[in-house]
Amino acid sequence: HTDWIGTDANMLLSGISKLPVWVINDADAASYAEISYGAGKNIPGVVLLITIGTGLGSALFIDGKLVPNTELGHLLFEGDIAEKYAADSVRRYNSLDWDTWGNRLNAYLQHLEKLFYPNLIILGGGVSKKMSKFTHCLTIKTPVVPAQLRNNAGIIGAAAMAAKNI
């Protein structure tokens with residue numbers, strides 16, 4: 001909601017609860033877990049995590065340091081925002097077969113590869129459990145791997161970041 005624009009959510013929620021509060025978006029939390037404990041651990045350089053579900057979430061790490069709130073699913077792509085082209089919800093809504101959707105995802109990943117030249121791309125979200133259905137469509141040079149922590153990555157990452165900040 002537009003009322004939240006410019007709001008310091010950490011300060012607001014800490015004031016209400018009288019406890020320390022740190023706010024992080026879901027993709028950033030999941031990526032923090034994957035960088036700390038999962039597929040991105042000890043990977044130098046640029047690591048992208050893309051969560052694929054209703055939309056396309058994203059997180060960007062450079063040498064293990066998070067660049068917060070990237071929102072790469074909102075990049076202009078194929079005449080609209082990328083998540084309206086390559087999200088899993090689009091695959092399901094349009095009854096796309098895995099090859100058709102996999103080629104769409106590949107085109108989106110090619111776009112990201114040209115922008116960031118990552119050392120690794122990690123795919124998260126529910127569709128990452130089904131990578132065997134579409135990995136043959138991925139032709140980018142960057143290694144692409146599933147999130148090791150799967151749907152637990154967000155909770156693990158949020159807890160790890162909270163523990164780090166206490």
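Keep in mind the model is a prediction, meaning the values are calculated, not measured. Atoms considered below: every heavy atom in the structure, side chains included; atoms not considered: hydrogens, waters and symmetry mates.
Side-chain contact between Arg91 and Trp98: present, with at least one pair of heavy atoms (C-beta onward) separated by less than 4.5 Å. For the pair Leu123 and Val145, the minimum side-chain heavy-atom distance is 4.5 Å or more. Side-chain atoms of Ile122 and Leu48, non-hydrogen and from C-beta on, never get closer than 4.5 Å to each other. Between Val144 and Met131 there is a side-chain heavy-atom pair separated by less than 4.5 Å. Between Cys137 and Asp99, some side-chain heavy-atom pair lies under the 4.5 Å cut-off. Looking only at side-chain heavy atoms (C-beta outward), Arg104 and Leu96 come within less than 4.5 Å of each other.
A distance of 11.0 Å separates OG1 in Thr7 from NE2 in His1, rounded to the nearest 0.5 Å. Rounding to the nearest 0.5 angstrom, the gap separating the CD atom in Glu83 from the NE2 atom in His74 is 4.0 Å. Taking NZ of Lys130 as the start and CG of Asp88 as the end, the distance is 6.5 Å to the nearest 0.5 Å. With rounding to the nearest 0.5 angstrom, the CG atom of Asn106 is 9.0 Å from the CD atom of Glu113. For the atom pair CD1 of Ile43 and CG of Leu120, the computed distance is 5.5 Å after rounding to the nearest 0.5 Å. Atom OG1 of residue Thr70 and atom CD1 of residue Ile50 lie 7.0 Å apart, to the nearest 0.5 angstrom.
Taking the six-membered ring where the residue is Trp, Phe77 and Tyr85 present perpendicular rings, their angle passing 60° and hence far from 30°.
Cluster annotation: Leu138 is connected to Ile121 through the hydrophobic network of ILVMFWY side chains, with a link wherever side-chain heavy atoms come within less than 4.5 Å. Cluster annotation: Ile52 is not connected to Ile81 through the hydrophobic network of ILVMFWY side chains, with a link wherever side-chain heavy atoms come within less than 4.5 Å.
Counting all heavy atoms, side chain and backbone alike, Phe61 lies closest to Ser31 at CE1-OG, 3.0 Å. Shown here for Ala29 and Gly154, the closest heavy-atom pair between the two residues is CB-O, 3.6 Å. For the pair Ala59 and Ala27, the tightest heavy-atom approach, listed with the atom from each and the gap, is CB-O, 3.7 Å. Heavy-atom minimum distance, Tyr108 versus Ala86: CB-CB, 4.2 Å. Residues Ala33 and Ala153 come closest through the heavy atom pair CB-O, 3.2 Å. When every heavy atom of Ala160 is checked against every heavy atom of Tyr32, the shortest pair comes out as CB-CE2, 3.7 Å.
Leu76 belongs to no multi-residue hydrophobic cluster, having no ILVMFWY side-chain contact under 4.5 Å with any other such residue. Cluster note: Ile156 groups with Tyr37, Leu149 through ILVMFWY side-chain heavy atoms spaced under 4.5 Å, whether in direct contact or through intervening members. Think of Leu13 as one node in a network of Ile, Leu, Val, Met, Phe, Trp and Tyr side chains linked at under 4.5 Å; its network also takes in Val21, Val23. As a member of the Ile/Leu/Val/Met/Phe/Trp/Tyr network built from side-chain separations under 4.5 Å, Ile16 groups with Trp4, Leu12.
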Do Arg150 and Ser128 pass the side-chain contact (heavy atoms from CB on, under 4.5 Å) test, and can you show the C-alpha distance, the side-chain angles, and the key distance before you say yes or no?
CA-CA 7 Å; Arg150 306 285 188 204; Ser128 67; 3.6 Å; yes
Evaluate side-chain contact (heavy atoms from CB on, under 4.5 Å) for His111 paired with Lys114, printing each intermediate quantity in order.
CA-CA 5 Å; His111 188 61; Lys114 288 176 189 173; 5.6 Å; no
Audit row: Asn119, Thr142, side-chain contact (heavy atoms from CB on, under 4.5 Å) steps and yes/no
CA-CA 6 Å; Asn119 298 81; Thr142 304; over 6 Å; no
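For Pro68, the side chain to side chain contact (heavy atoms under 4.5 Å, CB included) partners two or more places apart in sequence, or in a different chain, are Asp28, Leu66. Taking the ring pair (Phe, Tyr, Trp, His ring centres under 6.0 Å) definition, one finds that Phe116 meets it with nothing, sequence neighbours left out.
Results of the side-chain contact (heavy atoms from CB on, under 4.5 Å) test with Leu72 over Leu112, Leu115, Leu56 single out Leu112 as the only residue that passes. Screening Val47, Val67, Leu49, Asn69 for a side-chain contact (heavy atoms from CB on, under 4.5 Å) involving Leu60 leaves a single residue, Val67.
No side-chain donor-acceptor contact under 3.5 Å links Trp101 to the backbone of Phe134. A side-chain donor-acceptor contact under 3.5 Å links Asp63 to the backbone of Gly45. With hydrogens and angles disregarded, a donor-acceptor distance shorter than 3.5 Å links the side chain of Ser58 to the backbone of Glu71. Panel note: side chain Ser17, backbone Leu19; a donor-acceptor pair is recorded below 3.5 Å. Put simply, the side chain of Gln148 never gets that close to the backbone of Glu34: no donor and acceptor are under 3.5 Å apart.
Defined by atom type and a distance below 3.5 Å, a donor-acceptor pair is missing between the side-chain atoms of Thr54 and Ser89.
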